[in-house]
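I'd like to ask you about the structure that follows.
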Amino acid sequence: MSSTLRTIRQWSWWKKALFYFTVLTFLTSSFLFLTPPGGKIRQWLAETVITTQHRSWAWIFVGAEQRDLMVKRLQDFNEEAAREKQDSSLIKIRNRQAKARSIDELIKVEDISGKFWQGKKMYVYDPKTIRVMTPPKSGEGERITSMVKRTGAVAGVNGGGFDDPEGLGNGFAAFGAIISGGEVIYTDQDGSIPQHIVGFTKEGILVVGKYNIFELREMGISDAVSFHPRLIANGKPLITSGDGGWGRGPRTAVGQKADGTVIFIVIDGRQTHSVGATLKEVQDLLLEEGCVNAGNLDGGASSELVVDGELLTKPSSRYGERRLPNAFLVYDDPTSVKADRVWDGIDKIDAGGSYDHPDFLREQAEKRAKQQQNPTPATKTETDKTKTKTDTKPETNNKPAGNKSETNETGKTGTEKGESVKSGGTGAKEPGTEKPPVSGNGSSGSGTGTADHGKPDGRQSSTPPTGTGTGSGSVTPNGGTSGQGGTGSGATGSGSSQGSGTAGGSGNGSTGTVPSSPAGTSAPGTGSDTPAKATEKSAETTAPSTPATQQNQTQAAGQSASGTALPPAKTP
């Protein structure tokens, strides 16, 4: 055992990390799949996923078959809980006709908490002050803080559900029915089809259950939205075993006491400060308050409570408040406001998503801008390699390639950068630059050209050229100057590491290039005071280039004593 530990200690850090990860995965998997407590945890995780819009992923925890059974049990419970008809005689609402009431006279907000969650509880003393509000424009929902400020409400909580692609929906594709001020603002079902309803009658009685539009009208429903499940019916709790089958998460629910007081529960979830509550925990909270009827509202990232324009809870959405299709708002005088019929005349509703979510698009644009401002710097190794490739040139003039005679066509010379060199002119030509020859004035004699390598910036030598003569020269990629075997006083050339130099005097006896000349030598020719024009045909259009050919082209382009060249290579 000790030897094994010593061996592990000698491993590299990544090998240790891989080993520990493997051990942890094995232990965790064994616990989750081989022990009863682990099975309960997997079931709880699956329930939590099932109640979101990503229920298909629940198979990861319990398998596809078990997931489908859990979904069916949940649907059966929702239907069973909604079946019992509500007894309105259990609610006795006191008549409150006062106007211009303060916030404290209308509502009271308290903090609540449990073992795994934190939230808010809001009492609404007069149920007739509650109204369902909708967004002001078609195509997108509205945040509750905006609704409250825009309509002058005292407070508000989220209401019914909606289609939410990728968790980035626009809040406009509502589920079920929306009723406000006695008008059916929206419904996605035929009026004869029963729907899950949470709403209030004109008298202020909370109604929770499954009813069609015609039944709701007969009951005198004033304001309602669609969601489920029902939690308390006629004073009896409906979740009698288990935790309700929804796992833990953010919750919003509403209940009503026998005296008509309405209680909204809003619990944060999916965050470090609050994991979330189960449906049974929410039900028990409302039972303790003495609620006779209660129902669950849309939860998740939509759960929030706003009072006097201020958001009091912490929604789990990464962008804060979400755009919603409706909300329950509290007004001192609800008859003074009216919900907008923004769904009228629309045949197809776009639920939105990442492609049009303003906060998501802004976040992506900021990321792209940041990447452009701070591009990934090249590593030092890559920089050094690039510098080596661009700055270092091989010396190829010292020896003939493969002992073959190096030939080139007269006037078709080229450097390694593809720049043309003019015969009888300057030894090198930069793109777009042409230097005129410099005339000499000396007499016959013998002289040689010398290279000035002390001019790395390519400047000309301060010594002027002093004569004419014949000579031979060669150019290399390194750009030195040379002269040999001339008559008269030779010109002093200057060279640079960039392949440029000053031209010597030109006149009778300037050298030309001979195709069959060996490397580093040149034959006498008749020069002139003007440089010969380079052929328009570039080196790239000549015969296919090979390393040897490039070397031939470089070395065979002989220059006069006035050109830039390194000392010529020895002739064979």
Open item on the list: Between the side chains of Lys120 and Glu110, is the shortest nitrogen-to-carboxylate-oxygen separation below 4.0 Å, so that they form an ion pair?
Closed with: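 No salt bridge links Glu110 with Lys120.
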Task: Asp68/Lys72 salt bridge by N-O under 4.0 Å criterion - done: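 Looking at Asp68 together with Lys72, the answer is no, because their closest N to O distance does not fall below 4.0 Å.
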Open item on the list: Are more than 12 heavy atoms, taken from residues, nucleotides or ligands other than Arg217, located less than 6.0 Å from that residue's CZ atom?
Closed with: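 Atom CZ in Arg217 is not packed in, count stays at 12 or less.
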TODO: Just do the side-chain hydrogen bond (donor to acceptor under 3.5 Å, both in side chains) check on His196 and Asn78 with the steps written out, would you?
DONE: CA-CA 9 Å; His196 291 280; Asn78 293 338; 5.8 Å; no
TODO: Check whether any side-chain heavy atom of Asp126 sits under 4.5 Å from a side-chain heavy atom of Arg101, and report yes or no.
DONE: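 SC-SC contact between Asp126 and Arg101 confirmed.
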Task: Modelled atom types, side-chain donor and acceptor of Gln86 and Asn234, under 3.5 Å - done: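 There is no such pair between these side chains.
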Task: Sub-4.5 Å side-chain heavy-atom contact between Arg248 and Phe116 - done: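 Heavy-atom side-chain distance check passes, below 4.5 Å.
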Task: Distance-minimising heavy-atom pair for Ile349 and Trp343 - done: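 Closest pair (atom of Ile349, atom of Trp343, distance): CD1-CD1, 3.6 Å.
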Open item on the list: I'd like to check Asn293 versus Ile91 (side-chain heavy atoms, cut-off strictly below 4.5 Å). Are they in contact?
Closed with: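 Answer yes - side chains close enough.
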- [ ] Locate the shortest heavy-atom distance separating Ile130 from Val330; write the atom from each residue and the value.
- [x]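 Looks like CG1-CG2, 4.3 Å.
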Open item on the list: In terms of relative ring orientation, are Phe264 and Phe328 parallel, tilted or perpendicular, with 30° and 60° separating the classes?
Closed with: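 Aromatic pair Phe264/Phe328 classed tilted.
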Task: Side chain Tyr331, main chain Val154, donor-acceptor under 3.5 Å - done: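 Looks like no, no N/O pair under 3.5 Å.
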Open item on the list: What I want to check is whether the side chains of Thr187 and Gln195 have a donor and an acceptor closer together than 3.5 Å.
Closed with: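 Note: Thr187 and Gln195 side chains meet the donor-acceptor criterion.
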Task: Side chain proximity check, Ile179 to Ile185, heavy atoms < 4.5 angstrom - done: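 Side-chain contact under 4.5 Å: no.
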- [ ] Check step by step if side-chain contact (heavy atoms from CB on, under 4.5 Å) holds for Ile8 and Tyr20.
- [x] CA-CA 10 Å; Ile8 294 175; Tyr20 292 138; 4.1 Å; yes
Open item on the list: Counting C-beta onward and ignoring hydrogens, is there a side-chain heavy-atom pair between Glu79 and Lys210 closer than 4.5 Å?
Closed with: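 They are in contact (side-chain heavy atoms under 4.5 Å apart), so the answer is yes.
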- [ ] Take Arg323 and Glu142, measure what salt bridge (charged side-chain N to carboxylate O under 4.0 Å, His left out) needs, and give me the verdict at the end.
- [x] CA-CA 4 Å; Arg323 296 172 292 176; Glu142 185 179 16; over 6 Å; no
TODO: Would you check, one step at a time, whether the test side-chain hydrogen bond (donor to acceptor under 3.5 Å, both in side chains) holds for Thr252 with Asn158?
DONE: CA-CA 7 Å; Thr252 300; Asn158 61 293; 2.9 Å; yes
Task: Side-chain (Gln283) to main-chain (Leu238) donor-acceptor, under 3.5 angstrom - done: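 Judged by distance alone, yes, a pair lies under 3.5 Å.
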- [ ] Please confirm whether the backbone N or O of Ser354 pairs with a side-chain atom of Glu166, one donor and one acceptor, at under 3.5 Å?
- [x]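 Here the side-chain-to-backbone pair exists.
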Open item on the list: Heavy-atom count check: over 12 atoms from other residues, nucleotides or ligands less than 6.0 Å from Lys202 NZ?
Closed with: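 Open: at most 12 neighbouring heavy atoms sit under 6.0 Å from NZ of Lys202.
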Task: Test item: Ser226 side-chain N/O and Ala177 main-chain N/O as donor-acceptor pair under 3.5 Å - done: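 Yes, the answer is positive, given that a donor and an acceptor are paired below the 3.5 Å cut-off.
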Task: Side chain Lys92, main chain Gly260, donor-acceptor under 3.5 Å - done: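 Flag not set: sc Lys92 to bb Gly260 has no pair under 3.5 Å.
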TODO: Can you sort out the partners of Ser316 under side chain to side chain donor-acceptor pair (under 3.5 Å), two or more places apart, ordered by chain and number?
DONE: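 Testing Ser316 for side chain to side chain donor-acceptor pair (under 3.5 Å), a comparison that skips the adjacent residues, returns none.
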TODO: Quick one: closest heavy-atom pair of Met133 and Arg150, and the distance?
DONE: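 For Met133 versus Arg150, the nearest heavy atoms are CG-NH2, 4.1 Å.
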Task: Side-chain donor or acceptor of Arg230 paired with backbone N/O of Glu84 under 3.5 Å - done: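 Pair found, side chain donor or acceptor close to backbone of Glu84.
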Task: Derivation and outcome, side-chain contact (heavy atoms from CB on, under 4.5 Å), residues Ile221 and Tyr211 - done: CA-CA 11 Å; Ile221 293 293; Tyr211 304 92; over 6 Å; no
- [ ] Kindly say whether Gly269 contributes a backbone atom to a donor-acceptor pair with the side chain of Gln271 at under 3.5 angstrom?
- [x]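 The answer is yes, because a donor-acceptor pair under 3.5 Å joins these two groups.
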Open item on the list: Under a plain distance cut-off of 3.5 Å, with no hydrogens placed, do Thr145 and Glu321 share a side-chain donor-acceptor pair?
Closed with: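 A donor-acceptor contact under 3.5 Å links the two side chains.
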- [ ] Provide the closest heavy-atom pair for Asn170 versus Asp350 in the form atom of the first, atom of the second, distance.
- [x]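 That closest heavy-atom pairing would be ND2-O, 2.8 Å.
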Open item on the list: Is any side-chain heavy atom of Asp259 closer than 4.5 Å to one of Ile93?
Closed with: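 A side-chain contact is absent here, since even the closest heavy-atom pair is not under 4.5 Å.
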Open item on the list: I'd like to know if Arg73 pairs up with Asp76 as an ion pair, taking the criterion as any Lys NZ or Arg NE/NH1/NH2 lying under 4.0 Å from an Asp or Glu carboxylate oxygen.
Closed with: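 Here Arg73 does not pair with Asp76 in a salt bridge, since their nearest N and O are not under 4.0 Å apart.
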Open item on the list: Looking at Lys314, I want to see if its NZ is surrounded by more than 12 non-hydrogen atoms of other residues, nucleotides or ligands under 6.0 Å.
Closed with: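 No, the 6.0 Å shell around NZ holds no more than 12 heavy atoms from other groups.
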Open item on the list: Tell me if a side-chain donor or acceptor on Asp298 pairs with a main-chain N or O of Gly159 at a distance below 3.5 Å.
Closed with: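 Side chain of Asp298 to backbone of Gly159, a donor-acceptor pair under 3.5 Å: no, none is there.
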Task: Pair Asp223 + Arg131, salt bridge at N-O below 4.0 Å - done: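 Result for this pair is yes, salt bridge flagged.
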Open item on the list: Any salt bridge linking Glu65 with Arg67? Criterion: basic side-chain nitrogen under 4.0 Å from a carboxylate oxygen.
Closed with: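 Looking at Glu65 and Arg67, the cut-off is not met.
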Task: Minimal non-hydrogen separation, Ala253 against Leu286, with atom names - done: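 Closest approach of Ala253 to Leu286: CB-CD1, 4.3 Å.
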TODO: Enter the distance from Gln256:CD to Ile232:CD1 here, rounded to the nearest 0.5 Å.
DONE: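 Here the interatomic distance stands at 11.5 Å.
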TODO: Could you tell me whether Glu304 and Arg143 make a salt bridge, using a distance below 4.0 angstrom between a side-chain N and a carboxylate O?
DONE: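 No, no charged N to carboxylate O under 4.0 Å.
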- [ ] Indicate, with yes or no, if the rings of His357 and Tyr319 have centres closer together than 6.0 Å.
- [x]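 Yes - the distance between ring centres of His357 and Tyr319 falls below the 6.0 Å cut-off.
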Open item on the list: Checking the side chain of Ser29 only, and the main-chain atoms of Thr25 only, is there a donor and an acceptor separated by less than 3.5 Å?
Closed with: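 Confirmed, Ser29 side chain pairs with Thr25 backbone.
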Open item on the list: Could you check whether atom CZ of Phe21 has more than 12 heavy atoms from other residues, nucleotides or ligands sitting under 6.0 Å from it?
Closed with: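 Counting neighbours around CZ of Phe21, 12 or fewer heavy atoms of other residues, nucleotides or ligands fall under 6.0 Å, so no.
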Open item on the list: Contact between Asp268 and Pro250 at the side-chain level, heavy atoms closer than 4.5 Å - yes or no?
Closed with: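 No, their side chains stay 4.5 Å or more apart.
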- [ ] Dump the intermediate steps for salt bridge (charged side-chain N to carboxylate O under 4.0 Å, His left out) on Lys115 and Glu281, then the final yes or no.
- [x] CA-CA 10 Å; Lys115 186 176 181 180; Glu281 289 174 337; over 6 Å; no
Task: Under 3.5 Å donor-acceptor, Arg322 side chain and Gly167 backbone - done: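 Indeed, once roles are kept as given, a pair shorter than 3.5 Å links the two residues.
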- [ ] Give me the ring orientation class for His228 and Trp246: parallel if the planes are under 30° apart, tilted from 30 to 60°, perpendicular past 60°.
- [x]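 Rings of His228 and Trp246: perpendicular, over 60°.
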Open item on the list: Is there a side-chain contact between Ile263 and Met122 in this structure, where contact means two heavy atoms from C-beta onward sitting under 4.5 Å apart?
Closed with: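 The answer is no; the side chains never approach within 4.5 Å.
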TODO: Specify the closest pair of heavy atoms between Pro315 and Thr313, including all atoms of both residues, with the distance to one decimal.
DONE: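 Scanning both residues, the minimum pair turns out to be CD-O, 3.4 Å.
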Task: Asp104 side chain to Ser102 side chain, donor-acceptor N/O pair below 3.5 angstrom - done: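 Their side chains do not contain a donor-acceptor pair, so the 3.5 Å distance test is not met.
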- [ ] Check the surroundings of atom NZ in Lys338: do more than 12 heavy atoms from other residues, nucleotides or ligands lie under 6.0 Å from it?
- [x]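 No, because the 6.0 Å sphere around NZ of Lys338 holds 12 heavy atoms or fewer from other groups.
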